[in-house]
Amino acid sequence: MSPPGQADRATGWAIEAHGLTKAYGGTRVLRGIDLRVRRGAVLALLGPNGAGKTTTVRILTTLTRPDGGRARVAGGDVVRDRAAVRGAISLTGQYAALDEEQTGEENLRMMARLRGLPARAARRRAHELLERFALTDAAGRRVGTYSGGMRRRLDIAAGLTTDPEVVFLDEPTTGLDPRSRRTMWETVGALAGAGTTVFLTTQYLEEADRLADTVAVLDRGRIIAEGSPAELKRKVAVERLDLTLASRAAYEAVDVLLGARAVHRAPAELVLGIPTDGSAGHARALLDELDPAGELIARFAVHGATLDDVFLELTHG
Amino acid sequence: MGEYAVLTGRAIRLTRRSPDALLMALVLPVLLMLVFVYFFGGAIQGTSDAYVTYVAPGVLILCAGYGASMTATTVCDDMTGGIIDRFRSMNTPGTAVLTGHVLASVVRNLVSTVIVLAVALAIGFRPGAGAGGWLAAGGILLLYLCALSWLGAAAGLLAKSPEAAGGFTFFVLFLPYPSSAFVPVETMPDWLHGFARNQPVTPVIESVRALLLDRPYGDAPWTALLWCLGVLAVALPLCAWLFRRRVA
């Protein structure tokens with residue numbers, strides 16, 4: 001057994017999971033999860049409700065024992081070195097883990113004391129965190145009076161009283177309004193910028209795209225794709241030239257011309273899509289070929305693949 | 001040990017800031033005593049003066065049991081919210097969380113006991129006990145409090161929701177009635193005697209009353225002690241088992 005912080009420095013992995021399985025009753029929630037996250041990187045575990053995201057987080061944060069497989073977090077085994085792992089991580093779950101009847105400052109001081117800081121240091125640390133998360137003005141108010149965004153920020157702050165090596169965030173922006181979501185993204189960005197490894201789960205592709213170095217797509221208990229957001233988008237292909245036709249007749253004429261080359265058809269909107277490399281030359285040649293007189297095609301747009309496309313393709317493809 | 005102090009302080013603060021729970025814990029016992037003494041007392045014993053001396057120890061027990069059973073709700077609140085996961089992920093032992101709630105319950109009840117006692121003395125309760133009697137009565141009351149608080153914690157771990165956990169409060173609130181807390185057992189119908197004489201609240205109330213009034217107590221204190229220790233011996237391992245089951 002190696003002390004925490006040693007093995008990961010040697011291998012460069014903050015999180016390593018092999019073949020994690022978990023079943024509740026007869027339901028197999030995880031069917032063999034393999035994951036690796038480099039120190040200081042941000043991994044987004046992306047998946048719909050019920051895919052197994054929270055179970056994965058609970059196993060990696062030592063709260064739930066896996067039925068099978070192994071995982072090391074911050075150099076410690078999540079089953080055998082539980083105490084060491086717990087000392088090196090923080091978890092912010094889906095539901096605010098705060099006392100509504102205590103003030104923001106009291107909550108932070110309590111968490112700092114529980115992490116072993118003496119009273120005076122805990123107070124100092126609480127003030128630093130309140131400042132850093134723009135909560136100083138609300139420090140003396142009960143958490144019950146906080147907005148959703150403030151609560152979520154305090155919830156994350158509560159996990160940072162002792163500078164954890166790995167921060168787990170389970171759906172950090174679910175239920176937040178767009179502005180609070182943006183603030184939360186900045187918070188996560190700042191954590192990553194400071195070298196903390198971040199493992200977050202999300203249902204939002206935009207969020208994964210925005211925050212993560214690596215995205216792992218989880219569907220029905222299995223990782224079905226993994227890579228950088230750019231890699232995943234490339235996997236699905238490619239850009240598409242969407243042509244909006246001028247009329248129903250024009251739509252039908254061009255559809256016949258294209259035949260199998262059309263990869264996207266939206267008759268209601270009179271749109272046909274053709275794969276493209278996105279270059280001006282290709283677009284010009286295509287337009288000249290299909291519509292030499294310049295009468296059939298009203299508009300065109302180059303459509304880059306979004307993670308939504310990736311996700312739909314991977315889960316239903 | 002720091003965690004125990006931090007979490008006890010937390011549980012006391014949460015109690016202090018929950019106005020309805022506080023009101024119930026502090027005001028209800030006093031109200032009940034006034035109702036018993038002034039509404040029923042004359043009918044039960046002819047004069048309310050004599051009855052206050054009989055019933056005050058009973059109200060102390062009622063109040064202790066009631067307050068202690070609120071532990072079920074506070075524990076269940078923690079178990080159903082997200083905070084228990086955070087505590088566990090911080091390697092804070094579950095026993096520290098539960099102990100915090102039990103100690104807060106004890107503190108809360110000591111306060112309400114003092115209030116009830118003060119009101120009782122003001123309306124004519126005249127205990128004849130010396131220092132030894134007070135100490136012994138206080139000790140039994142404290143043990144009863146601890147036992148019920150841990151039992152409440154177990155109920156809180158078992159309940160699916162804080163509302164369901166509140167059912168335990170009802171049970172404990174009712175238990176002193178079929179005992180000698182408010183009226184002598186002999187005045188109850190025959191079929192109730194067996195239960196009323198042998199249920200755990202009766203020896204507790206008999207010993208506290210005898211000790212406070214400086215009367216012969218027989219073996220009531222020993223029976224009370226056995227009951228309380230017995231409840232603790234069941235409740236503590238039960239809590240440990242239920243906690244592990246709950247978080248697994």
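What you see is a predicted model; the values in this text were computed from it and never measured. All heavy atoms count here, side chains included; hydrogens, waters and symmetry mates do not.
Both the backbone and the side chain of A/T92 come within less than 4.5 Å of a heavy atom of chain B. Interface remark: B/V247 contributes backbone atoms only to the contact with chain A (heavy atom separation under 4.5 Å). Interface residue B/S89: backbone and side-chain heavy atoms are both found under 4.5 Å from chain A. In this structure, no portion of A/R109 lies under 4.5 Å from any heavy atom of chain B.
Two residues are said to be in side-chain contact when any heavy atoms from C-beta on lie closer than 4.5 Å; A/R58 and B/D85 meet this criterion. By the 4.5 Å heavy-atom criterion applied to side chains, A/Q102 and B/L14 are counted as neighbours. In this structure, A/R82 and B/N91 have side chains that are not in contact, with every pair of non-hydrogen atoms separated by 4.5 Å or more.
Residue B/F171 places its CZ atom among 12 or fewer non-hydrogen atoms of other residues, nucleotides or ligands, all under 6.0 Å distant. Residue A/Y24 places its OH atom among more than 12 non-hydrogen atoms of other residues, nucleotides or ligands, all under 6.0 Å distant. At most 12 heavy atoms of other shown residues, nucleotides or ligands fall within 6.0 angstrom of atom CZ in A/R70. Around atom CD of A/E131, no more than 12 heavy atoms belonging to other residues, nucleotides or ligands sit under 6.0 Å away. The local environment of CZ in A/R141 is crowded, with over 12 non-hydrogen atoms from other residues, nucleotides or ligands closer than 6.0 Å.
Within the model, atoms CZ of B/F87 and CE of A/M110 stand 4.0 Å from one another, a figure rounded to the nearest 0.5 Å. Taking CZ of B/R86 as the start and OG of A/S90 as the end, the distance is 7.0 Å to the nearest 0.5 Å. Rounding to the nearest 0.5 Å gives a distance of 9.5 Å between CG of B/D77 and CD of A/E101. With values rounded to the nearest 0.5 angstrom, A/T62 atom OG1 is found 6.5 Å from B/R88 atom CZ.
The pair B/R13-A/D99 does not count as a salt bridge, with every side-chain nitrogen at least 4.0 angstrom from each carboxylate oxygen. Look at A/R115 and B/E3 and you find no salt bridge, because none of the NZ, NE, NH1 or NH2 atoms lies under 4.0 Å from a carboxylate O.
Looking only at heavy-atom pairs under 4.5 Å with chain B, the residue among A/P118, A/G116, A/A97 that has the most is A/A97. Considering only heavy-atom pairs separated by less than 4.5 Å from chain B, the leading option among A/L91, A/T162, A/L114 is A/L114.
Looking only at distances, no side-chain donor or acceptor of A/R113 sits under 3.5 Å from a matching main-chain atom of B/V6. Between the side chain of B/R17 and the backbone N or O of A/R142 there is no donor-acceptor pair closer than 3.5 Å.
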**A/R86/B/M90 under side-chain contact (heavy atoms from CB on, under 4.5 Å): CA gap, chis, key distance, verdict** = CA-CA 6 Å; A/R86 288 176 173 182; B/M90 292 167 63; over 6 Å; no
